[in-house]
Each structure stands twice: as C-alpha cells, then as structure tokens.
Amino acid sequence: MYTLTIGDKAYSSWSMRGWLLLAGFGIKFEEEVVEMYTPAFDAMQAAHAPARQVPQIAWREGGRAHRLWDSLAIAETLAERHPAAGHWPRDWALRMQARVLAAEMHSGLSALRGACPMNLHRHMRPLAAPPEGLARDLERLGDLWDWAMREGGGPWLAGPAFSAADVFYAPVASRLVSYALTDDRTRGYAQMLMEQEAVARWCREARAAPRRIARYDELA
Ligand SMILES: N[C@@H](CCC(=O)N[C@@H](CS)C(=O)NCC(=O)O)C(=O)O
C-alpha cells in the first residue's frame, strides 16, 4: 500500500499532480496531508531528506522502504509498476505526445506558475497587475493545447483517454479559472478537465479543508 504525502489541497499544485497520478488511475493509497509553512512540514522535510518536497510516495517492498518523489518520476514509476492503469497511451505516437506535454509543463510555463499560484478558493478574479511573460505563457499554452487536440484527435491532451498529460495540466487549468485567464482556445478543455471525476473530487476536498493561507488568498 502506498502512502502519499501531500501539502494543502487548495494550494499545492504539485501535490495535486501526485494525487491524481494515483486516484485518477484507480491505484489504492493512503494520504497524509502535511500543512505547508508549518513546523510539521519542516519536520517532514528533515525526516525525508533528500526527498523534501511534496508529493512523495512511500511504501515497503522486498523488505525495504522506498520513497518516490518529483511528479514526473512519479508518473514514470507508477506507469511502470501499474502497466494496465493507463498513465500513458498505448499508441507510441500518442505516448510521445503525452510525454512532450507533461515534460514541457514540468519545466516550463514559469511566468504563469510564478504569478498565479494555485488557489482553489479563488474564482475568476484577475490579477491586478499581470507580470511580463504571463501573456507569452498563455499564448504558448493555447498553441500546445491546439496542437495536442489536432495531433491526437482529443478530447484529452493525448487522444481519447485521460492520461498523465492531462494530470500535469490540471493545476494549470485551475489557474486559468481562478485568475480569469481562459480564452477561446483554452476554455473548453480547461472546463472539461476541471470536471473530470478525480480532478473534481480533489477540488471538492480542497475547498472543504478549513485551512486558508493568507499569502495566497490576499494576492491582488
Ligand atoms: N519538481 C517537483 C516540485 C514539487 C514542489 O515544488 N512541491 C512544493 C509544494 S507544491 C514543495 O514541496 N515545496 C516545499 C519546498 O520546496 O520546500 C515535482 O514535480 O513534484
């Protein structure tokens, strides 16, 4: 049995990806939420160096304790351990497409990620002063999603089935909604992704959690 350690569901975008890579593909796990920016989070990081960041997955196997972290490594390792779960498409060209999309998200869109931290309590409230680079990231996102739908035939980013590629963009879609950044190219898929069963469940649980983090809620 896996134990997934995550941060606050409303605010921890990488945690959302880790959780979706399990819950979105029918893999059983226990979850441990450690509130971010607290002594308990510091203690978790010290206890689990060098993993440190969330999400992390721990389990015992073959008499050994294992710990897996970083969402891209999590996607690849879970796909390898659960080949029938469907993290990556079976068709090689769609699988390549899914990996390209996940990898670009993992290392890119930094203006969008930096300026618009995930906050599932925020709804359609634009940033007061959108920073340099945000428009470029939104343009790039529109290009990527357009290309993905054309190339794979949709309705998901890598063809007919929800895959790890969609997982990587779930927090991105939530930012588009929270900060009123959707446009004609991104609105439809962002909406569909937010309504996907596991994504919607994460969002419900996030909004039900009582803790609020002022530094994110007060972002103008
Ligand atoms: N590259 C990592 C990023 C993980 C990450 O930055 N997690 C944040 C929470 S959303 C974190 O643990 N921050 C605490 C820290 O960096 O000390 C991944 O893909 O999972």
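For ligands, and for the atoms within them, numbers begin at 1 and follow the listed sequence.
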Transitive ILVMFWY side-chain link V34 to I57, under 4.5 Å: no
Does M118 have a heavy atom less than 4.0 Å from any atom of ligand 1? no
Give the residue, atom name and distance (to 0.1 Å) of the protein heavy atom nearest atom 7 (N) of ligand 1. V54 O, 2.8 Å
If you draw a 6.0 Å radius around CZ in R67, do more than 12 non-hydrogen atoms from other residues or ligands fall strictly inside? yes
Side chain to side chain donor-acceptor pair (under 3.5 Å) between T5 and E32: does it pass, once the steps are laid out? CA-CA 5 Å; T5 303; E32 173 194 44; 2.6 Å; yes
Check ligand 1 against H106 and write out every atom of the ligand that is under 4.0 Å from a heavy-atom position of the residue. 1 (N), 19 (O)
Below 4.0 angstrom from a heavy atom of S71, which ligand 1 atoms are there? Numbered from 1 as shown, please. 18 (C), 19 (O), 20 (O)
Protein heavy-atom partner closest to atom 5 (C) of ligand 1 - residue, atom, separation in Å: W14 CD1, 3.3 Å
Hydrophobic clustering (ILVMFWY, side-chain heavy atoms < 4.5 Å, transitive) - are W14 and Y169 grouped together? yes
Test item: side-chain donor near acceptor, W88 and E76, under 3.5 Å: yes
Test your reading of the structure: does S13 have an N or O sitting under 3.5 Å from an N or O of ligand 1? no
Ligand 1 to F41, heavy atom cutoff 4.0 Å, flagged ligand atoms 12 (O), 14 (C)
What about Q53: any of its N or O atoms under 3.5 Å from an N or O on ligand 1? yes
What protein heavy atom is closest to atom 10 (S) of ligand 1, reported as residue, atom name and distance in Å? S12 OG, 3.0 Å
Go through ligand 1 atom by atom and flag the ones less than 4.0 Å from a non-hydrogen atom of P55. 20 (O)
Among non-hydrogen protein atoms, atom 2 (C) of ligand 1 lies closest to D70 OD2, 3.6 Å
Which bit of R52 is near ligand 1, meaning a heavy atom under 4.0 Å away: side chain, backbone, both or neither? neither
Are F168 and W202 co-members of a hydrophobic cluster defined by side-chain heavy atoms under 4.5 Å apart? yes
Residues Y189 and D166: side-chain donor-acceptor under 3.5 angstrom: yes
protein heavy-atom neighbour closest to atom 15 (C) of ligand 1 works out as Q45 NE2, 3.5 Å
Shared hydrophobic cluster for W69 and W59 (ILVMFWY, side-chain gaps under 4.5 Å): no
Assess R211 against Y11: is NZ or CZ under 6.0 Å from the centre of the six-membered ring, and within 45 degrees of the ring's axis? no
